[in-house]
**Q** 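My questions all concern the structure below.
What you see is a predicted model, and the numbers here were worked out from it, not measured in a lab.
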Amino acid sequence: MVDVIQELGHLKKLAKEDHNKRFNRLYRLLRQESFLEIAKQDIAGNKGARTPGVDGQTIDDITSNQITKLCRELAEGRYQPQPVRRQYIPKRNGKLRPLGIPASRDKVIQSGVALILNAIYEPVFRNCSHGFRPERSPITALRQVWSAYRAGATWIIEGDITDCFGSLSHQVILNCLRKRIQDERFIDLIRKMLQAGVMEDGCYTPTYSGAPQGGIVSPILSNVVLHELDCWMEDQLDANPAPESNQQRYARHNPIYTRLQSRINYIRSCLDGKRPISKRTSPEELKQELRDKLRLRRDEPCYLPRKVVYYSRFADDFVVVLCHHAKQEATLMKATIAAWMHTQLGLTLNQDKTHITHWRRTFRFLGYELEGRQNRNGTSWLHLGVPREALRSVVARIKKATAFPQAPEYDVFNNVNAVARGWSNYYRYAHNISSIGSKLTTITFWLTLHYLGQKRRRSLTKLMRKHYVHHPKTACKALFVYKPGKPPSTENRFYLWHKAPSRLSLASMTTRYVQNQQAFIDTNWASGYSLQKRLETRELANHHCQNCGSTDVDLFVHHPNRLRNAKQAKRGSRNTAKSGMNQHTKLLCYSCHLAHHHGSYRQ
């Protein structure tokens, strides 16, 4: 394994030293058993790795013997990817997004291909690309737009590609890969992945274009294709120019501003007694002239405008900031970009989402509301705001998490904390996060308090007397419940999210990787498998296997079969959840758990 890791590092080093180098012998690296083991470990912790494909298996079902078999199939050229399973998930606008879920054995191969492609392409990707890349996030893309506004933005082009993943031409993808890869066996493997087809409702549909969303290798392939757009924007349209040298900056000095500053310095030196005051003027006249000059200086920029273009892209969304350009130039650039993308990449701009916006008007990018503001001295800056729809969305999710009084308290508090904390951490760069966060804190408190009142059948006043105290770290009053399986005490309190994080400036580099992902709401309590019951079982068993007494192994909570009988007898979630909390669970090691299930248990 050490040799495989060293080989990946060697690929990165070669790609960084020579951006025009073409790589070979990649297929030989991929078919090594140790490399596929690393590829499996790389995706084993992902939530999607436990989603079965058409084979019905998860990543945990891929054993060492199956990886050995995969290596043999790759070496003999007999490997053929299975069709992806089509599944639809809701989008933020209410529509459905199609996902293609590969089979588990194909996930391992795709993970290996993604590791190799990342090693080759990550050193050559441009700094304007921020989507699906390590150490980059929507915040880094917003930071680039924020710095562009300070350069004097005038017009903004909001770009959105129509069905980017679904409309990528397979031939375009392979041609882009051939610019850096000359191993045709590796290229042909990627072609097989793209043309594996789709299974939906038991029907097979061949794929002639696109990379399925949900595939492990799809994000890097889309970045490989859109890297051509990044290079064209920066090399042909001179977007994202290098910082000015001191000589270039001094050449843009505003002569009017320079004369005003010189006169202001002369008047101040006279009033300070460093220079004699002319007999023709009095100190009062000089003071009045100083006030007039200072007022005129505020209306003049220190430097003459610099005509530049800035470009930032996150996945298939991009923003072009034109500084000191006319609207006609922005319109021409939009048409030029659309024509080039259609001709060279076969992609189409979404005309309903691609707009030309004045820099003072508000537009949406990566979940934020962006609006240009101007200081009195003419300096432009970017104001970030939280959209109302974003607040409504998170409130709806918190309502969903607190809607069922039969849900265990610890599960509800854990879900609410995950949703509120993740949302507020992403929007902590907004200028209005203080007021929005305070509003969300209040809504979260009352929704959870009403849930707790219905759960315990007690008045809100009585609950607040015992479960509403000062948090020891924040010194703010917060709602709490006691951790399951532990005696009630001050140390065993589990507090509700009650304080929004302080605002961070985009100039701050303390947080680089922040993704706008919705927190997963755990609803296993509705099937009788609650987090609260699991923690209670672990605490009562003192983290020992209750069958053999093992401690230094992975332990699992065993639920007896009568939970299944309760679900069959009464389908309501209230009865199932109540049965799950009342059942006598056990904490067992893997071997003992497997014996309880007669050898058919899957992790």
**Q** Could you tell me whether E371 and R361 make a salt bridge, using a distance below 4.0 angstrom between a side-chain N and a carboxylate O?
**A** no

**Q** Using side-chain heavy atoms (C-beta onward) and a distance below 4.5 Å, is V225 in contact with L345?
**A** yes

**Q** Flag the pair F314 / H130 as yes when their ring centroid distance falls below 6.0 Å, and as no otherwise.
**A** no

**Q** Who pairs with H431 by side chain to side chain donor-acceptor pair (under 3.5 Å), at least two apart in sequence or on another chain?
**A** R503

**Q** Hey, are the side chains of L36 and L30 touching, using non-hydrogen atoms and a 4.5 Å cut-off?
**A** yes

**Q** Should F318 and L349 count as side-chain neighbours, where that means a heavy-atom distance under 4.5 Å?
**A** yes

**Q** Kindly state each residue pair satisfying side-chain hydrogen bond (donor to acceptor under 3.5 Å, both in side chains) with at least one member in residues 147-167, sequence neighbours excluded.
**A** E158-T357

**Q** Where is the tightest heavy-atom contact between Y427 and A390, given as atom of each residue plus distance?
**A** OH-CB, 3.5 Å

**Q** Could you name each residue pair satisfying side-chain hydrogen bond (donor to acceptor under 3.5 Å, both in side chains) that touches residues 187-196, not counting sequence neighbours?
**A** D188-R191, R191-Q195

**Q** Return yes if some donor-acceptor pair links the side-chain N/O of S104 with the main-chain N/O of Q57 below 3.5 Å, else return no.
**A** yes

**Q** With D316, which residues qualify under salt bridge (charged side-chain N to carboxylate O under 4.0 Å, His left out), at least two apart?
**A** none

**Q** Do V416 and T444 make a side-chain contact, defined as non-hydrogen atoms from C-beta onward lying under 4.5 Å apart?
**A** yes

**Q** State which residues pass side chain to side chain donor-acceptor pair (under 3.5 Å) with Y368; sequence neighbours excluded, sorted by chain then number.
**A** none

**Q** Does the side chain of W497 reach to within under 4.5 Å of the side chain of V419, using non-hydrogen atoms?
**A** no

**Q** What side-chain hydrogen bond (donor to acceptor under 3.5 Å, both in side chains) pairs are there with at least one residue in residues 113-126, not counting sequence neighbours?
**A** E122-R133, R126-E234, R126-D235

**Q** Would you find more than 12 non-hydrogen atoms of other residues, nucleotides or ligands less than 6.0 Å from H358 atom NE2?
**A** yes

**Q** Using a 4.5 Å cut-off on heavy atoms from C-beta on, say whether the side chain of V309 contacts that of H325.
**A** yes

**Q** Show which side-chain atoms of residues 329-340 pair as donor or acceptor with protein atoms under 3.5 Å away, not counting sequence neighbours.
**A**
from : atom 1 : to   : atom 2 : distance (Å)
E329 : OE1    : A326 : N      : 2.8
E329 : OE2    : K307 : NZ     : 3.0
T331 : OG1    : K327 : O      : 3.0
K334 : NZ     : T354 : O      : 3.3
T336 : OG1    : L332 : O      : 2.7

**Q** Heavy-atom distance under 4.5 Å between the side chains of T402 and W446, does that happen here?
**A** no

**Q** By the definition side chain to side chain donor-acceptor pair (under 3.5 Å), identify the one residue from R364, R388, H383 that meets it with E369.
**A** R364

**Q** Could you list the residues that satisfy side chain to side chain donor-acceptor pair (under 3.5 Å) with S129, not counting sequence neighbours?
**A** R313

**Q** Residues in side chain to side chain donor-acceptor pair (under 3.5 Å) with D106, at least two apart?
**A** Y79

**Q** If only atom types and distance count, is the side chain of R428 paired as donor or acceptor with the main-chain N or O of S502 below 3.5 Å?
**A** yes

**Q** Atom OH of residue position Y204 - does it have more than 12 heavy atoms of other residues, nucleotides or ligands inside 6.0 Å?
**A** yes

**Q** List for me each residue that meets salt bridge (charged side-chain N to carboxylate O under 4.0 Å, His left out) alongside R252, sequence neighbours excluded, and say none if there are none.
**A** E244

**Q** Inspect the surroundings of CD in Q247 and state if more than 12 heavy atoms from other residues, nucleotides or ligands are less than 6.0 Å away.
**A** no

**Q** Suppose we screen for ring-ring contact (aromatic ring centres under 6.0 Å, His included). Which residues come up paired with Y250, at least two apart in sequence or across chains?
**A** H253

**Q** Which side-chain hydrogen bond (donor to acceptor under 3.5 Å, both in side chains) pairs, counting each pair once, include a residue from residues 11-24, with sequence neighbours left out?
**A** none

**Q** Any carboxylate oxygen within less than 4.0 angstrom of a Lys/Arg side-chain nitrogen, looking at K179 and E228?
**A** yes

**Q** Which pair of heavy atoms, one from L142 and one from L506, lies closest together, and at what distance?
**A** O-CD1, 3.8 Å

**Q** Using only atom types and a distance under 3.5 Å, with no angle test, would you say the side chain of N175 pairs donor to acceptor with the backbone of Q171?
**A** yes

**Q** Is a donor from one side chain sitting under 3.5 angstrom from an acceptor on the other, for Q144 and S312?
**A** yes

